[in-house]
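All remarks here apply to the structure that follows.
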Amino acid sequence: MDLNSLCYLGLGVISIILLIYIYIKSDVRQALLTFMGMVGLGYIIEAVIYNFLSSYQYYPHILKHDPIYDSALGAIASNALTLPVTATFLAAFRKNWLWVAFTIALYAGIEWLFLELHIYKHHWWKTVYTSIGLPFYFLFAKLLYRKVSVPLKGFFHTLCLYLIISPFSGSLHFIPIMFFSNRYYEFGLFANPSKDTTAFSTIFYLCASIVYVFMAKIQPLPRWGKYPVIGLCMYCATHILRRVGILHSLVWWDTWYYIALSILSLLFTEFISNSLHKGPLASKI
């Protein structure tokens with residue numbers, strides 16, 4: 001384990017400790033929903049500036065077989081742990097703007113240090129962009145924390161539901177690809193196959209998450225009928241993508257894994273939808 005791995009793992013451990021502290025000292029339901037929603041927002045932001053606009057690159061040196069997937073793992077660590085945990089902390093404990101300003105300065109310092117240590121690299125991105133964007137990210141966390149404290153319906157229910165379930169769907173879609181090379185996508189967005197796979201995986205899970213939200217909320221079928229339908233939809237999507245040459249499966253279990261994932265994602269979407277709809281009472285059921 002080298003310096004790169006230690007720095008990224010160190011940030012991850014600190015984030016997990018802070019997350020446990022938040023759950024102990026604040027409302028568990030609000031904190032958990034806010035945390036997951038901020039992960040979703042971070043994933044969407046990262047999809048634009050990192051996956052498609054190639055803003056920067058991470059060097060955690062954990063996945064030695066592929067630098068693109070290694071960088072993606074660093075992005076996941078940042079957007080699934082460090083940033084959303086911090087945002088949830090500021091929201092749950094109602095920290096004022098002095099705390100926010102200090103946190104932004106701290107992140108700017110960490111980014112500068114990572115750049116100096118050559119474990120993170122800017123392409124066209126600048127640290128000042130991070131400092132400008134973080135206040136809006138933290139402000140949204142405060143808004144989200146207040147929203148999930150009451151029963152939700154309509155637009156905010158749909159928005160929060162999508163933000164919460166999309167990173168669940170996206171992470172379970174992409175992590176097997178990074179670690180087990182079970183499939184790759186050839187969409188033509190990027191010359192590098194791994195980068196092309198990363199970009200199309202993002203498109204795939206964002207679109208799939210829309211379907212999960214639609215089926216959970218609109219309920220066009222009886223509940224017992226939705227699960228085989230979503231599994232069949234995933235099978236058809238997989239078959240079509242394979243026939244047109246975008247998807248290349250490399251292991252026997254690839255198709256079955258994503259069918260199971262679609263059913264699990266729909267179950268999770270329904271559970272979160274119910275929790276958001278009932279509000280704080282859902283945590284007592």
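Values reported hereafter were calculated over all heavy atoms of this structure, with side chains retained and with hydrogens, waters and symmetry mates removed.
Listed by chain and residue number, nothing satisfies the ring pair (Phe, Tyr, Trp, His ring centres under 6.0 Å) test with Phe102 (two or more places apart in sequence, or in another chain). In this structure, the side chain to side chain donor-acceptor pair (under 3.5 Å) partners of Thr86, at least two apart in sequence or on a different chain, are Tyr107. Under the side chain to side chain donor-acceptor pair (under 3.5 Å) criterion, Tyr56 pairs with Glu46, sequence neighbours left out. Remark: Asn51 engages Thr202 in a side chain to side chain donor-acceptor pair (under 3.5 Å) (not counting sequence neighbours). Not counting sequence neighbours, Tyr59 has no partner by the ring pair (Phe, Tyr, Trp, His ring centres under 6.0 Å) test. In this structure Ala237 satisfies the side-chain contact (heavy atoms from CB on, under 4.5 Å) test with no other residue, sequence neighbours excluded. In terms of the side chain to side chain donor-acceptor pair (under 3.5 Å) criterion, Asn4 has no residue partners (sequence neighbours excluded).
Under the 3.5 Å distance criterion, with hydrogens and angles disregarded, no donor-acceptor pair is assigned to the side chains of Ser26 and Tyr21. For the residue pair Asp27 / Tyr145, no side-chain donor-acceptor distance below 3.5 Å is found, with atom types taken as modelled.
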side-chain contact (heavy atoms from CB on, under 4.5 Å), that's the test. Do Ile164 and Phe35 meet it? Break it down for me. CA-CA 8 Å; Ile164 289 170; Phe35 169 72; over 6 Å; no

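Between Trp125 and Thr130, some side-chain heavy-atom pair lies under the 4.5 Å cut-off. No side-chain heavy atom of His122 sits under 4.5 Å from any side-chain heavy atom of Gln57. Taking 4.5 Å as the limit, some side-chain heavy atom of Trp124 sits within range of a side-chain heavy atom of Tyr129.
Ring planes of Tyr185 and His173: parallel class, angle under 30° (limits at 30 and 60°). Aromatic ring orientation, Tyr120 versus Tyr58: tilted (interplanar angle from 30° to 60°). The aromatic rings of Phe180 and Trp253 lie perpendicular to each other, with more than 60° between the two planes, well past the 30° mark.
Each salt bridge (Lys or Arg N to Asp or Glu O under 4.0 Å) pair with one or both residues in residues 111-135, not counting sequence neighbours, would appear here, but there are none. Applying the salt bridge (Lys or Arg N to Asp or Glu O under 4.0 Å) test to every pair with at least one member in residues 242-265, sequence neighbours left out, gives these pairs: Arg183-Asp254.
The two residues Gly74 and Tyr8 come nearest to each other via the heavy atoms CA-CE2, 4.4 Å. The shortest non-hydrogen separation linking Lys217 to His157 is NZ-ND1, 3.0 Å. Scanning both residues, Lys195 and Tyr50, for their nearest heavy atoms gives NZ-O, 3.8 Å.
Under a 4.5 Å side-chain heavy-atom criterion applied to ILVMFWY residues, the cluster that includes Val13 comprises Ile17 as well. Grouped with Leu250 in one hydrophobic cluster are Tyr184, the linkage being side-chain heavy-atom contacts under 4.5 Å among Ile, Leu, Val, Met, Phe, Trp and Tyr residues.
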Show me, pair by pair, the donor-acceptor contacts under 3.5 angstrom made by side chains of residues 90-100, not counting sequence neighbours?
{"unit_1": "Asn96", "atom_1": "OD1", "unit_2": "Leu98", "atom_2": "N", "d": "3.0"}
{"unit_1": "Asn96", "atom_1": "OD1", "unit_2": "Trp99", "atom_2": "N", "d": "3.2"}

